Amino acid sequence: MEDKRPTRQEALELLHQYNESDSLRKHAYAVEGVMRYLGRKRGEDEEKWGIIGLIHDLDYEKFPDQHCTQTGEILRQHGWPEEYIRAAVSHGWGICSDLMPQTPLEKVLYAIDELTGLVVTTALIRPSKSVLDVQVKSVKNKWKDKRFAAGVDRSVIEKGAEMLQVGLDELIDDTIKGMQEVAEAIGLRGNPT
Ligand SMILES: [Fe+2]
Ligand SMILES: [Fe+2]
């Protein structure tokens, strides 16, 4: 099958087709926002980075037990380029995939996926419920509190930062900024102060 370049519209249609849950869609938009922000910051192909962010968890709602693997299958059936498939599947390295993140895009996706969840929870405990008010130190304060956003595996984020050779503060700052750009779409505009 020839490799065509997927458009954001195609990615969005697949996302909506496979994910009916509002929270999964919002997670996809959040990861897309951060991938776009960081792709742009690094002088890379922002569109490609964003699209991969959008579809990285494509299979999660319908095939939770085959997470990552099914995303690969679905994208392949739709003729997506292997580069996109590899990147999406490698986000689950060590959890649902044995593809280790290798390119900057793959490492960034791996590092920020869980972190977006921590930023969401940090925004939601603020009176304003706004991601526009979230600061790096508020996220850092909750790092060791295991009951806070208990599903977020901090060690994955730390491993990702290490792979990228960026400090945790910078990674958190970039993640917050990327999510702020899509505050409306992820339901976290709230009432900023
Ligand atoms: Fe995932
Ligand atoms: Fe994810």
Side-chain angles (χ1 to χ4, degrees), residues 6 8 11-39 48-76 78 80 83-124 131 134 139 148-161 163-164 168 171-172 174-183 185-188:
R8 181 175 191 273
L12 208 54
E13 278 165 20
L14 275 180
L15 174 73
H16 289 173
Q17 182 184 340
Y18 283 91
N19 291 268
E20 276 158 42
S21 137
D22 187 51
S23 67
L24 281 176
R25 288 184 184 183
K26 281 179 177 153
H27 171 65
Y29 304 145
V31 172
E32 179 195 20
V34 179
M35 290 302 286
R36 277 189 179 275
Y37 177 85
L38 273 164
K48 188 205 291 171
W49 283 49
I51 286 171
I52 291 167
L54 210 45
I55 51 81
H56 80 283
D57 275 336
L58 192 60
D59 60 6
Y60 194 70
E61 185 176 284
K62 299 216 187 314
F63 308 96
D65 300 332
Q66 294 163 279
H67 182 37
C68 298
T69 318
Q70 281 301 317
T71 297
E73 295 297 319
I74 298 164
L75 295 179
R76 223 163 262 134
H78 286 82
W80 279 47
E83 182 195 1
Y84 286 65
I85 297 171
R86 212 208 105 87
V89 173
S90 71
H91 89 270
W93 176 57
I95 302 158
C96 57
S97 141
D98 48 19
L99 284 185
M100 187 180 182
Q102 259 152 15
T103 64
L105 184 163
E106 291 171 354
K107 291 177 185 173
V108 168
L109 177 61
Y110 178 81
I112 61 94
D113 180 25
E114 296 272 311
L115 185 49
T116 60
L118 200 51
V119 174
V120 168
T121 314
T122 309
L124 288 176
V131 73
V134 172
V139 177
F148 183 84
V152 173
D153 187 345
R154 276 74 159 166
S155 74
V156 168
I157 307 170
E158 287 162 4
K159 225 183 289 170
M163 272 184 206
L164 287 165
L168 216 43
L171 189 67
I172 296 170
D174 288 336
T175 301
I176 294 170
K177 287 185 175 134
M179 288 174 70
Q180 286 175 341
E181 291 187 347
V182 293
I186 62 176
L188 288 178

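Whatever order the structure lists ligands and atoms in, that order sets their numbers, starting from 1. Nothing here was measured: the structure is a model prediction, and the numbers come from that model.
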Exercise for review: Examine distances only and state if a side-chain atom of E61 and a backbone atom of S21 form a donor-acceptor pair shorter than 3.5 Å.
Suggested key: yes
Practice item. Look at the side chain of T175 and the backbone N and O of T116, then say whether any donor-acceptor pair between them is shorter than 3.5 Å. Key: no
What pairs with [X] under ring-ring contact (aromatic ring centres under 6.0 Å, His included), at least two apart in sequence or on another chain?
X   : result
Y37 : none
Y18 : none
H67 : Y60, H91

Point to revise | N/O/S atom name from H67 that is nearest to the position of the Fe ion (ligand 1) | key: NE2
Exercise for review: State plainly whether the residues E32 and R36 are in salt-bridge range, i.e. N to O under 4.0 Å.
Suggested key: yes
Revision key, fill the gap. Listing protein N, O or S under 2.8 Å around the Fe ion (ligand 2) gives H27 NE2, H56 NE2, D57 OD2, D113 OD1
